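For reference, the structure discussed in these notes is given below.
Source: prediction; values computed, not measured.
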Amino acid sequence: MRPFRKNVAIAIDGGGIRGIIATRALAMLEEYLGETVYEIFRLAAGTSTGSIISAGVATGLSAKEMTQLYIDLGGIIFRKTWRYRLWPLSRYRYASQPLKSGLRQYLGDLVMGDFWAGDPQTDLVITTFDLKSNRTRFVKPWKEEYKYWPVVQAVMASSSVPTYFPVVAGRYVDGGVGSYANPCYLAAYELLFCLGWDLADTTLISLGTGRSPYKFESGQADGYYAWQWIGPVMDAFLQSADDQQVHLVKTLFKELDFRRFQVDLNKPIEMDDASKIPRLVVYGEELGRKMLNDMTDPVQALKPSLPPPDLVR
């Protein structure tokens, strides 16, 4: 694994229970470097489950502790009650209180501004979509409007996937509803234009939470009914948006030491399927090995197509 540069940032995708893939990989990184993720990263950006992990990084939790968080709370948060079985009549599948209680247990009563007042300062960027203003909000410790936001509230706002959890404060839902399910471009923008880090002295690690294996043979989809398109279409939409963020970073931040790591799932694993935690831990170890061997996601190596010479002005 190539050494990190002077400044190190991390961006972590959404994905529900699949966030344990990222925490297990980070635990392997901690073991390799002999440092905690808090000591390694001075900027952490996350969406949905990525916001839980990023907040854990900023709070000082080790990746091993965060992995245990997912193991301990996954089955409690995603418990199949009457609400789940009667959905969509119940409006959402899971009550928010188990998630909120679990986050408070691990993150405490910190407010966002505490991270910027600490020594060393840590920048934390959490995405959430504001239904009232119809835009993505970037909750940060140095912005006055978010300075006194409880960290638990910010993470809840980023993690409240529509139909899975109730809306937070009547207006905030999962940050992945916008363009930032993969927040790597957001992290690159933050470190350059907000923190003023020199790209030549900076490493940005981007962690995915598993790429779903929706692939079709010729003619396979010809007989699909309407409901059968939901999974493949949503997956295509999210994966295309994720890849777009990677291309933006590679194109616009050329001097940055940018490393995107992702694993391919053999079978789809839903974001609320806590029964798959043992399997997800195995995927996390695969992701960790890729990170320790600098085996970046192949999509990072793709180059955008250039226009024909006669169209270049």
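- In summary, Arg211 and Asp13 do not engage in a salt bridge, as defined by a charged side-chain N under 4.0 Å from a carboxylate O.
- Cluster membership check: Leu69 shares its hydrophobic cluster with Tyr283, using side-chain heavy-atom separations under 4.5 Å among Ile, Leu, Val, Met, Phe, Trp and Tyr.
- Between Arg5 and Asp201 there is no salt bridge, since no side-chain nitrogen of the basic residue lies less than 4.0 Å from a carboxylate oxygen of the acidic one.
- When atom types are taken as modelled, the side chain of Ser160 and the backbone of Val173 share no donor-acceptor pair closer than 3.5 angstrom.
- Side chains of Leu280 and Arg24 form no contact here, defined as non-hydrogen atoms less than 4.5 Å apart.
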* Step by step, would you call Lys147 with Val111 a side chain to side chain contact (heavy atoms under 4.5 Å, CB included)? -> CA-CA 7 Å; Lys147 185 177 179 180; Val111 296; over 6 Å; no

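- The two residues Ala11 and Leu204 come nearest to each other via the heavy atoms N-CD1, 4.2 Å.
- Contact check for Leu33 versus Glu39: no side-chain heavy atoms found under the 4.5 Å cut-off.
- Counting heavy atoms from C-beta on, the side chains of Val57 and Met66 come closer than 4.5 Å.
- A 6.0 Å sphere centred on CZ of Arg79 holds no more than 12 heavy atoms belonging to other residues, nucleotides or ligands.
- Residues Pro3 and Asp257 approach most closely at O-OD2, 4.5 Å, considering heavy atoms.
- Scanning both residues, Asn266 and Arg279, for their nearest heavy atoms gives ND2-NH2, 3.0 Å.
- A heavy-atom distance below 4.5 Å is not found between the side chains of Ile126 and Thr128.
- Remark: Arg42 does not engage Asp123 in a salt bridge, criterion side-chain N to carboxylate O under 4.0 Å.
- Rounding to the nearest 0.5 angstrom, the gap separating the OG1 atom in Thr136 from the CZ atom in Phe129 is 5.5 Å.
- Using modelled atom types, one side-chain atom of Gln121 and one backbone atom of Trp116 make a donor-acceptor pair closer than 3.5 Å.
- Here the closest non-hydrogen pair linking Ala274 and Ile17 is CA-CG1, 4.2 Å.
- Side-chain atoms of Arg260 never come within 3.5 Å of backbone atoms of Val299 as a donor-acceptor pair (strictly under, hydrogens ignored).
- Annotation for Lys100: atom NZ does not count as buried by contact number, only 12 or fewer foreign heavy atoms lying within 6.0 Å.
- Looking only at side-chain heavy atoms (C-beta outward), Lys267 and Lys276 stay at 4.5 Å or farther from each other.
- No chain of hydrophobic side-chain contacts below 4.5 Å, direct or via other Ile, Leu, Val, Met, Phe, Trp or Tyr residues, connects Phe4 to Leu195.
- Here CD1 of Ile21 is found 11.5 Å from OG1 of Thr67. Values are rounded to the nearest 0.5 Å.
- Cluster annotation: Ile10 and Leu292 are assigned to the same hydrophobic cluster (Ile/Leu/Val/Met/Phe/Trp/Tyr, side-chain heavy-atom contacts under 4.5 Å, transitive).
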* Asked: Going through the checks in order, is the side chain to side chain contact (heavy atoms under 4.5 Å, CB included) test met by Ser90 and Trp82?
  -> CA-CA 9 Å; Ser90 59; Trp82 65 268; 4.2 Å; yes

What pairs of donor and acceptor atoms, side-chain ones from residues 181-191 against any protein atom, are under 3.5 angstrom apart with sequence neighbours left out?
unit_1	atom_1	unit_2	atom_2	d
Asn182	OD1	Cys184	N	3.1
Asn182	ND2	Asp242	O	3.1
Glu190	OE1	Lys140	NZ	2.6
Glu190	OE2	Trp142	NE1	2.9

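- With hydrogens and angles left out, the side-chain atoms of Tyr94 and Asp272 include a donor and acceptor closer than 3.5 Å.
- A donor-acceptor pair is defined here as one N or O able to donate and one able to accept, closer than 3.5 Å; no such pair exists between the side chain of Thr59 and the backbone of Leu61.
- Thr202 has its side chain out of reach of Phe253: every pair of non-hydrogen atoms, C-beta onward, lies at least 4.5 Å apart.
- Contact check for Ile52 versus Tyr70: side-chain heavy atoms found under the 4.5 Å cut-off.
- Tested against Trp149 for a ring-ring contact (aromatic ring centres under 6.0 Å, His included), the candidates Phe115, Phe138, Tyr172 yield a single pass: Tyr172.
- At least one side-chain heavy atom of Phe261 sits under 4.5 Å from a side-chain heavy atom of Thr296.
- Summarising the geometry, atom OG belonging to Ser51 is positioned 10.0 Å from atom CE belonging to Met156; distances are rounded to the nearest 0.5 Å.
- Atom-to-atom distance recorded for Phe78:CZ and Asp273:CG is 10.0 Å, nearest 0.5 angstrom.
- There is a path of hydrophobic side-chain contacts, each under 4.5 Å, that joins Tyr84 to Ile76.
- Although no hydrogens or angles enter the test, the distance criterion places no donor-acceptor pair under 3.5 Å between the side chain of Asn293 and the main chain of Met295.
- Within the 3.5 Å criterion, the main-chain N or O of Asp264 finds no donor-acceptor partner in the side chain of Glu286.
- Residues Ile277 and Gly74 come closest through the heavy atom pair CD1-CA, 4.5 Å.
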* Test log, rule side chain to side chain contact (heavy atoms under 4.5 Å, CB included), inputs Tyr164 and Met271 -> CA-CA 10 Å; Tyr164 284 83; Met271 60 162 286; 4.1 Å; yes

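- By the neighbour-count criterion of 12 heavy atoms within 6.0 Å, atom NZ of Lys64 is sparsely surrounded, having that number or fewer from other residues, nucleotides or ligands.
- With values rounded to the nearest 0.5 angstrom, Ser62 atom OG is found 14.0 Å from Tyr38 atom OH.
- Considering Val37, Ile12, Ile53 as possible partners of Thr23, the one that fulfils the side chain to side chain contact (heavy atoms under 4.5 Å, CB included) test is Ile53.
- Under the 4.5 Å side-chain heavy-atom criterion for grouping Ile, Leu, Val, Met, Phe, Trp and Tyr, Leu248 is connected to Val246 within one hydrophobic cluster.
- A pairwise comparison of heavy atoms in Gly14 and Ser48 identifies CA-CB, 4.0 Å as the closest pair.
- In this structure, Leu287 CG and Gln262 CD are separated by 7.5 Å, a value rounded to the nearest 0.5 Å.
- Other residues, nucleotides and ligands contribute at most 12 non-hydrogen atoms within 6.0 Å of the NZ atom of Lys6.
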